[in-house]
Amino acid sequence: MTKMGAAGMRNPRGLRMKLKYQKYYIILFTIILVGVITTGLFQFWPHSIDSEQNQHGYMIRDLSSLTEVQIPSTLPVPEKGDITCRHHSCLNVYKCGEVNKITVYIYPLRKYVDDNGIPISGQMSREFHEVLSAISESQYYVSDPERACLFVPALDLLNQNTLRVHEMGQVLGQLSRWSGGTNHLLFNMLPGTIPDFNTVLDVPKGKAVVAGGGFSTWTYRPGFDVSIPVFNPEVAKIQLPSISDSTPRKYLAISAQMGIHSDYRADLDSIAAVDDKFLVLDKCQEESITKLCNGNKQYKYPHVLQEATFCIVLRRSRLGQAALSDALQANCIPVVISDSYVMPFAEVLDWQRAALIVEEERLMELPSILSKISPQRIQSMLRQGRFYWQKYFKSMRDITLTTLQVLNDRVFPYNGKSYEYWNEPTPRVGVTSPLFAPVIPPKAQGFTAVVLTYNREQSLFTLITQIALTPSLTKILVVWNNQDKQPPAVEKWPKINKPLKVVQTKANKLSNRFYPYDEIETEAILAIDDDIMMLTPDELEFGYEVWREFPDRIVGYPGRLHVWDDKTSKWKYESEWTNDISMVLTGAAFYHKYFSYLYTHKMDKEIKTWVDEHMNCEDIAINFLVANYTGKPPIKVTPRKKFKCPQCTNTEMISADLKYMEERSECIGVFEKVYGMMPLKTVPFRADPVLYKDNFPDDLKRFPSIGSL
């Protein structure tokens with residue numbers, strides 16, 4: 001009885017405790033459930049956003065309910081535009097504090113009206129909406145103006161025909177961070193109006209950067225503005241059938257533009273009258289964007305462009321024409337006939353790989369010009385044009401992001417995209433030979449200095465410090481050719497503002513200087529000895545400029561000559577000052593990296609073996625190789641003939657040693673036998689800067705520091 005009673009006493013208390021805590025569990029569960037439901041309601045219930053810029057990006061609100069801002073007619077107007085603006089004079093790069101990336105702020109959307117309440121800006125176009133969306137969704141966008149490098153007004157300036165020019169300038173002038181237009185970016189695609197059709201936006205814009213379609217060389221500010229294509233949204237949205245580059249085309253060339261000048265129309269008609277490979281189209285009686293006519297015959301546009309190899313793009317009232325983009329979309333090679341027109345993104349795109357640029361006065365020569373283009377080049381240009389369309393032109397988003405990338409590369413050139421990034425379709429096809437290069441390499445890419453050294457540390461450090469001052473130098477590569485001694489410690493090397501890389505070779509061979517090292521990322525190589533002390537940065541920069549014009553030549557400073565000695569019936573190496581040259585020694589010379597591949601992998605092994613065994617004549621060997629490959633002589637630049645040290649006499653230099661000179665004469669004979677001929681070409685000239693000997697102040701000369709000897 002006692003035990004049973006005890007058990008009976010415990011059960012009621014346990015039940016009460018269980019019921020007590022159960023209430024707490026129910027309350028806790030209820031709170032959690034209410035919180036989840038409330039969160040869901042706030043997440044999905046229709047609501048308004050007070051801020052136009054939230055943490056996720058730029059919000060484009062209902063355009064019918066924008067805040068209205070009245071612009072009094074008495075407001076000042078900004079300067080029309082500073083034609084002298086350049087990157088370093090009108091852009092405050094100190095605002096660009098982000099690491100390796102520009103930052104872009106978009107002003108809030110507003111509705112601007114004049115004193116009478118009449119809107120100053122029209123309805124936003126779909127294209128400008130895409131511009132703002134592309135910026136706000138890009139890596140460059142910031143919602144905080146304090147962090148901004150560039151400012152984009154939320155004003156649709158794409159088509160000047162829709163603008164009130166004077167009042168729009170007043171709107172720009174009252175922007176909170178306008179400051180004369182500094183660090184502001186304006187997008188415009190159709191500049192000018194009747195009757196002048198200026199080639200740049202007429203809205204007073206101060207020092208603002210203009211991303212414009214239709215620049216001429218007179219209005220484009222190099223390194224400051226950005227030339228963009230004229231986009232045709234109605235044609236771009238048409239899906240064209242895919243065709244192979246090798247598909248035969250019915251026509252050699254098509255002209256499919258309405259409204260071209262009557263003189264041009266007459267010339268084209270006269271060409272088509274005698275050559276059925278030319279088709280000239282004009283508007284039909286019932287005008288349509290997607291239909292063009294030749295007489296009574298209708299053609300579907302832009303589909304008809306796919307039937308031609310070349311598409312003629314002529315200037316009309318405006319320089320920039322949507323026909324260029326239409327041609328690229330149809331994979332038709334543009335033939336641009338528009339004098340002084342600045343091609344879209346010309347700063348980075350190598351247009352001679354994708355289009356033909358023909359002077360207007362040569363319009364009647366088109367049949368002859370086009371018929372001479374090789375099938376191989378046509379295939380290459382079609383591939384290049386398709387690459388440009390897909391990557392840079394096919395939408396307003398692509399055009400906007402390309403514009404921002406160009407600007408980013410200017411502000412952070414050391415982190416800029418390479419020539420290959422901008423211009424090489426993927427997958428890449430082999431190594432490009434400079435002999436067939438259709439255009440000079442880009443200046444922005446610069447050159448790599450390759451210094452061959454053995455054991456002259458002090459002169460090496462002096463050389464590095466000197467050449468690092470050259471503006472177009474992108475990297476210094478030191479080839480350490482001494483296997484018995486390690487390169488100096490890091491702290492001993494000079495402190496310079498250019499990348500410096502040291503590679504150690506496995507054997508002491510002169511041919512090591514011509515190895516195509518992966519560290520060489522530029523097309524241009526400056527081969528230079530470690531004891532070349534006297535070349536100035538101006539001389540090096542000028543030499544690089546000349547090489548850009550002639551990338552298939554050796555361009556450099558020490559000129560030498562090969563002559564035939566009648567007494568010995570042998571070739572003789574001549575280093576005395578002469579009126580002619582046939583070699584430029586690579587102790588200080590620019591050449592294309594492609595020739596490093598040829599020297600290392602294609603040149604006859606007998607020549608390389610001779611060079612490495614005798615430790616001599618590697619510079620003569622590469623002169624033979626380039627001359628044999630191109631059939632062209634080298635180019636000597638600047639008058640300087642002393643390169644090592646002012647106090648040195650000829651007897652102190654290795655090149656003056658008699659045995660050394662005899663050996664160099666011998667190697668010319670050996671190389672000639674290997675080639676079976678004498679490929680070296682003799683020329684009686686050199687290249688000097690234009691104002692080199694003119695009696696002008698140095699500050700008026702681009703290259704004032706050019707040595708006389």
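These numbers were taken from a predicted model, which means no experiment stands behind them.
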Please say whether more than 12 non-hydrogen atoms of neighbouring residues, nucleotides or ligands are located less than 6.0 Å from NZ in Lys95. no
Partners of Thr470 by side-chain hydrogen bond (donor to acceptor under 3.5 Å, both in side chains), sequence neighbours excluded? none
Taking only residues two or more places apart in sequence or in another chain, which ones pass side chain to side chain contact (heavy atoms under 4.5 Å, CB included) with Lys101? Gln139, Tyr140, Asn408
Side chain proximity check, Pro634 to Arg553, heavy atoms < 4.5 angstrom: no
Give a yes-or-no answer on whether the side chains of Thr522 and Tyr419 include a donor-acceptor pair shorter than 3.5 Å. no
Atom CD of Gln405 and atom CD1 of Ile102: how far apart are they, to the nearest 0.5 Å? 8.0 Å
Go through the steps for Leu452 and Asp530 under the test side chain to side chain contact (heavy atoms under 4.5 Å, CB included), then give the verdict. CA-CA 6 Å; Leu452 184 69; Asp530 59 4; over 6 Å; no
Give the ring-plane orientation class for Phe447 versus Phe590, where under 30° counts as parallel, over 60° as perpendicular and anything between as tilted. perpendicular
With a 4.5 Å limit on heavy-atom distance, are the side chains of Ser89 and Thr84 in contact? no
Mind checking whether Trp610 and Phe671 have parallel, tilted or perpendicular rings, split at 30° and 60°? perpendicular
If we only count heavy atoms from C-beta on, is the His562 to Asn623 side-chain gap below 4.5 Å? no
Tell me whether Gln504 at atom CD has more than 12 heavy atoms from other residues, nucleotides or ligands lying less than 6.0 Å away. yes
Tell me every residue that passes side-chain hydrogen bond (donor to acceptor under 3.5 Å, both in side chains) with Tyr414, counting only those two or more places apart in sequence or in another chain. Asn100
Separation between CZ of Arg353 and CE of Met381, rounded to the nearest 0.5 Å: 11.0 Å
Which heavy atom of Ala211 sits nearest a heavy atom of Thr403, and at what distance? CB-CG2, 3.9 Å
So with a 6.0 Å cut-off around NZ of Lys492, is the heavy-atom count from everything else above 12? no
Does a side-chain heavy-atom distance below 4.5 Å link Pro639 with Asp688? yes
Using the side chain to side chain contact (heavy atoms under 4.5 Å, CB included) rule, take Leu463 and Asp531 through it: C-alpha gap first, then chi angles, then the decisive distance, then the call. CA-CA 7 Å; Leu463 170 70; Asp531 59 348; over 6 Å; no
Sort and list the pairs that fulfil salt bridge (Lys or Arg N to Asp or Glu O under 4.0 Å) and have at least one residue in residues 459-475, not counting sequence neighbours. Lys475-Glu521
With side chains defined as the heavy atoms from C-beta onward, is the minimum distance between Glu663 and Cys667 less than 4.5 Å? no
ring-ring contact (aromatic ring centres under 6.0 Å, His included) involving Tyr599 - partner list, sequence neighbours excluded: Phe514
For residues 496-510, which residue pairs qualify under salt bridge (Lys or Arg N to Asp or Glu O under 4.0 Å), counting only residues two or more places apart or in two chains? none
Quick test of your reading: applying salt bridge (Lys or Arg N to Asp or Glu O under 4.0 Å), list the pairs with at least one residue in residues 216-227, sequence neighbours left out, ordered by first then second residue. Arg221-Asp225
For residues 611-620, which residue pairs pass the salt bridge (Lys or Arg N to Asp or Glu O under 4.0 Å) check, not counting sequence neighbours? Arg513-Glu618, Asp619-Arg664
Value for CG (Asp350) from CE (Met343), rounded to nearest 0.5 Å, stands at 11.0 Å
Kindly write out the residues that satisfy ring-ring contact (aromatic ring centres under 6.0 Å, His included) with His87, not counting sequence neighbours, or none if the list is empty. none
Using a cut-off of 6.0 Å, state whether more than 12 heavy atoms not belonging to Phe412 lie near its atom CZ. yes
Can you spot which of Trp422, Tyr421, Trp351 makes a ring pair (Phe, Tyr, Trp, His ring centres under 6.0 Å) with Tyr392? Trp422
Taking it one step at a time, do Glu545 and Arg548 satisfy salt bridge (charged side-chain N to carboxylate O under 4.0 Å, His left out)? CA-CA 5 Å; Glu545 291 282 350; Arg548 290 183 63 242; 3.5 Å; yes
Is there a side-chain contact between Asp580 and Val563, using heavy atoms and a 4.5 Å cut-off? no
Atom pair NZ/CG of Lys207 and Leu91 - distance to nearest 0.5 Å: 11.0 Å
Set of residues satisfying salt bridge (charged side-chain N to carboxylate O under 4.0 Å, His left out) with respect to Glu457, sequence neighbours excluded: Lys485
One should read off an interatomic distance between Arg377 CZ and Gln384 CD, to the nearest 0.5 angstrom, of 11.5 Å
Test of understanding: with side chain to side chain contact (heavy atoms under 4.5 Å, CB included), list the residues that count as partners of Gln483, not counting sequence neighbours. Asn481, Thr505, Asn508
Residue pairs fulfilling ring pair (Phe, Tyr, Trp, His ring centres under 6.0 Å) with at least one residue in residues 465-504, sequence neighbours excluded: Phe461-Trp493
Can you tell me if CD on Glu359 sees more than 12 non-hydrogen neighbours from other groups inside 6.0 Å? yes
Nearest 0.5 Å, what's the CD1-CD1 distance between Ile554 and Ile635? 11.0 Å
For Tyr220 versus Val226, what's the shortest heavy-atom pair and its separation? CE1-N, 4.2 Å
